[in-house]
Novice: 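This is the structure I have questions about; it appears just below.
Throughout, a chain's letter reflects where its sequence line sits, starting with A, and its residues are numbered from 1.
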Amino acid sequence: MNVRHCFISFIFICLLSISAYAEESTWKQADEAYRAGEKATTIAERTEDFNKALTLYAQVEQKYDGNGMLYFNIGNSYFQLGEYSWAILYYYRALALNPRDVLIESNLQAAQRKLGLNDIEKKSVFDWLFFFHTKFSLPERLNALFILGLLLLIFTSFYIWNPQRWVMRVIILSACLWLITLLSVGYSRYFSPLEGIVVKPTVLYRDAGEQYPKVSDQPILSGSKLQVLDSTPEGKWLKVHSPQGEIGYLSASSFRII
Amino acid sequence: MFRIFLSFLLLVGSSLHALADVQVTAGIEATNNPPNSPVEGTITITHNLNKSVDKNSFRMEGMPLTTDFIKDVRISPTGPVVISFYHFQIPGKDPGLYMLPEISVKVEGETYKSIATTYEVSGGAPSAIPQVAARTSATRGALKLEALVDNPQPFYPGQHALFTYRFYFQGDIALTAEALPLLDAKGFEKVGDKVINDSQEGGWSVQTINQEVKAVSPGQFVFPQSTAEGYSYQENPITKKRTYLEKLQGTADAITINVSALPANPPSTFTGAIGSYTFQTSLLSPPNVSVEDKVTLAIDISSNDSMLQNVNLPSLNQPGIKGLFRMSSLPPSGTVQGDTKRFFVDLYPLSTSTTQIPSLAFTYFDPIASKYVTLQSNPITIGVTTRKEGQKTEVQPALPAMPQPTQMPPEKQPTTIGPTTSPRVEMTAPEEIEIPGNPEKGFNNYWFGTWWGLYLIPLAVILLLLQVYFINYLQKKRAIIPIKNSEVLWNEALSNSSDPERFYPLLTKAFLVRLKENGTISSAEITPESLPSDGTAGKVKNFLSDIQEKRFTGTPLEISSVIKEASVLFQELKNERSL
């Protein structure tokens with residue numbers, strides 16, 4: 001490896017470190033603005049601080065997508081600003097990455113109460129049976145899949161060179177766990193329903209357009225969680241399944257995917 | 001006779017007097033209407049004198065019908081019943097038999113309709129629709145296509161039009177191809193599905209296809225020629241076999257529709273309404289409320305001659321609303337009742353400094369005057385008092401949603417931070433924090449928590465296969481028996497001299513390998529009988545054959561003498577090799 005390659009690698013590592021440091025400092029500023037908002041003595045001050053925190057969190061989100069704590073902080077900021085439907089959206093996103101976090105669940109329920117929603121999801125037998133599927137986030141399961149795969153590789157290699165009964169048992173156990181994790185990850189990727197949150201109250205239409213009759217006169221409240229069944233080719237209208245069991249279309253502008 | 005006539009008059013008069021309902025009839029005056037000339041018609045409305053007829057409410061096929069009042073005739077001088085006569089005109093048509101559709105009119109707010117009738121346009125140039133010949137087995141069929149567009153003039157984006165195709169046909173016809181560009185309505189937005197009606201006109205079967213559309217953008221829209229092709233056929237009633245007679249084609253000319261652009265720079269309160277409207281607001285809830293109590297405002301938009309379904313709620317983001325009222329997040333959807341569309345808007349006053357619901361503006365575009373018209377409602381005075389302790393509030397839905405968070409909604413920009421409320425609200429102490437704050441945690445990513453980790457699967461498979469292949473290679477290598485040289489075999493034979501079963505074969509093998517090493521023979525995998533008979537090979541052959549013969553004949557062999565003799569011979573072979 002020549003000196004030039006070493007230098008380029010060094011510069012690359014430095015840039016990565018600087019970038020990571022910049023994101024951390026932006027996050028810290030956002031946290032400070034949030035805490036300042038909590039301590040504010042007037043509505044105007046509070047609004048200003050939480051707005052600032054939201055701005056900074058949004059900057060971090062653009063570059064650091066997919067972090068459960070970040071989504072939680074954004075959700076809290078929206079909650080403090082009274083934007084409960086957006087708060088619910090981000091709480092769900094945070095729960096997807098941190099499913100065992102009781103604090104996120106508690107704040108989500110607080111936001112739902114604010115909107116008069118009662119979205120307490122009942123657990124079925126399958127939730128209890130396949131607890132690992134719901135209790136562990138997708139990144140955690142992917143991580144476990146990788147580690148189990150690595151263990152499987154190591155033990156199988158060992159068995160090839162030194163066949164022993166106890167090694168075979170460990171291989172079988174690791175293979176079973178790996179397969180279950182793979183099925184869980186595969187289900188999440190290909191079969192799990194696509195869900196989202198209504199961020200703007202809307203009504204369901206019978207077809208993709210406002211000129212079509214409505215499914216019901218009752219609007220879908222903001223903050224409601226719906227399952228997406230289909231979308232129009234240009235993506236402007238989504239076919240959804242409502243909590244009341246109705247199927248209809250709503251505008252994509254009033255809906256966000258979790 | 002006179003008594004009979006008087007009784008008849010009384011009977012008619014009383015019958016008419018007893019009429020509590022309104023009757024509308026419409027008909028075409030002439031029996032011989034010339035072709036392509038306006039057709040004159042008369043509408044008669046029998047109604048009570050104190051019920052007024054709305055002269056602007058005449059409609060035919062949903063479109064406004066212009067009428068001229070002729071006169072009112074009272075049945076009797078003292079009776080309340082009166083017959084009103086109105087004159088109307090419809091465009092001229094080609095000779096043939098036509099249907100005059102139902103005509104509706106409003107009398108004292110209620111809508112009444114006439115019964116559809118037929119009329120004939122006769123005479124003049126040869127009819128475009130030929131007279132019906134007697135139907136015989138030789139009748140071959142005919143096909144004609146007509147394309148029509150019914151739109152207001154001038155035509156603006158947001159207004160509706162009706163695209164119509166009429167298929168005129170005689171006989172049995174199987175359509176094989178059709179090009180109907182009006183039904184695609186490119187450049188327009190379809191309103192509902194197409195409506196198909198079948199009727200008879202002057203011996204022709206007519207299928208009418210109507211599609212209502214809405215203009216979306218200004219411009220000139222050219223719909224090319226429409227065509228329909230098919231074959232007339234005759235079907236055997238018993239065998240159901242069809243005999244195709246001749247090819248038929250109907251065409252309609254290309255149609256150009258001009259959609260005019262609305263004047264530039266519409267007022268900010270313009271929401272797309274086109275026509276002529278009235279606008280007013282009214283308070284539906286008590287005017288004296290507490291802070292954050294609901295106030296319900298009704299917004300009524302009325303029109304006699306314009307479509308109300310597409311009239312939108314005027315924007316409430318107007319001075320005097322924003323900052324003083326909070327609105328429900330549920331979108332007010334308007335309901336159409338008669339000629340009025342009503343919106344119910346819920347407002348929540350934010351402070352006691354709110355004293356009125358301000359005058360709201362509604363702007364529409366008048367296509368006749370070709371200008372925007374803005375109407376203002378009257379302000380409504382309300383009284384807002386401070387909320388008492390313990391007074392409950394409704395659970396209010398959240399404010400209307402903000403734009404995408406990653407794009408930083410304008411309201412959330414740092415430069416516009418701060419609510420635009422009155423100073424009293426700004427200085428108000430905020431509510432208690434309801435949720436725990438942000439925990440101090442940093443990034444928490446899993447190094448292998450991505451889909452890239454799945455690449456381990458093929459990598460692991462390759463590694464394992466390589467190891468298996470390598471193991472097999474090593475095992476194969478070990479399985480090959482190494483070729484021992486003659487010295488090793490000789491020593492091995494001597495060490496097994498006490499076991500004749502092993503000694504003699506080893507001895508034989510040692511000699512053969514030695515001969516191969518000497519180059520006397522090419523392979524050591526031969527029997528002693530195959531050895532050459534001359535030279536040292538011959539000696540070895542004789543020696544080994546002798547031993548073999550003695551062994552199989554049961555002649556006792558002394559191992560020591562065999563060893564002695566074999567040693568001499570073996571040494572001789574060694575010496576031969578060294579030479």
Novice: Rounded to the nearest 0.5 Å, what's the gap from CG on A/L182 to CG on B/L454? Could you check?
Specialist: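 Result: 7.0 Å between the selected atoms.
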
Novice: Measure distances from A/V185 to the heavy atoms of chain B and classify the residue's part below 4.5 Å as side chain, backbone, both or neither.
Specialist: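 Both backbone and side chain of A/V185 come within 4.5 Å of chain B.
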
Novice: Does any pair with a residue in residues 147-156 of chain A pass side-chain hydrogen bond (donor to acceptor under 3.5 Å, both in side chains), and if so which ones, sequence neighbours excluded?
Specialist: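 Passing the test, one end in residues 147-156 of chain A: no pairs.
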
Novice: Heavy-atom distance under 4.5 Å to chain A: side chain of B/K214, backbone, both or neither?
Specialist: neither

Novice: So B/F470 and A/W161, do their side chains get closer than 4.5 Å, heavy atoms only?
Specialist: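 Touching, per the 4.5 Å side-chain cut-off.
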
Novice: Can you tell me how far CD1 of B/I457 sits from CG of A/L153, rounded to the nearest 0.5 angstrom?
Specialist: 12.0 Å

Novice: Take B/W451 and A/L145, measure what side-chain contact (heavy atoms from CB on, under 4.5 Å) needs, and give me the verdict at the end.
Specialist: CA-CA 10 Å; B/W451 295 100; A/L145 189 71; over 6 Å; no

Novice: Closest approach of A/I160 and B/V468, non-hydrogen atoms and distance?
Specialist: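 For A/I160 and B/V468, the tightest heavy-atom pair comes out as CD1-CG2, 3.7 Å.
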
Novice: Sequence neighbours excluded, which residues qualify as side-chain hydrogen bond (donor to acceptor under 3.5 Å, both in side chains) partners of A/S184?
Specialist: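 A/S184: side-chain hydrogen bond (donor to acceptor under 3.5 Å, both in side chains) contacts with A/H133, A/R141.
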
Novice: Should the heavy atoms of other residues, nucleotides or ligands under 6.0 Å from NZ of B/K194 be counted, would the total exceed 12?
Specialist: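 Not more than 12 within 6.0 Å, no.
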
Novice: Measuring from B/L464:CG to A/Y159:OH, what's the distance to the nearest 0.5 Å?
Specialist: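 Between atom CG of B/L464 and atom OH of A/Y159 there are 13.5 Å.
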
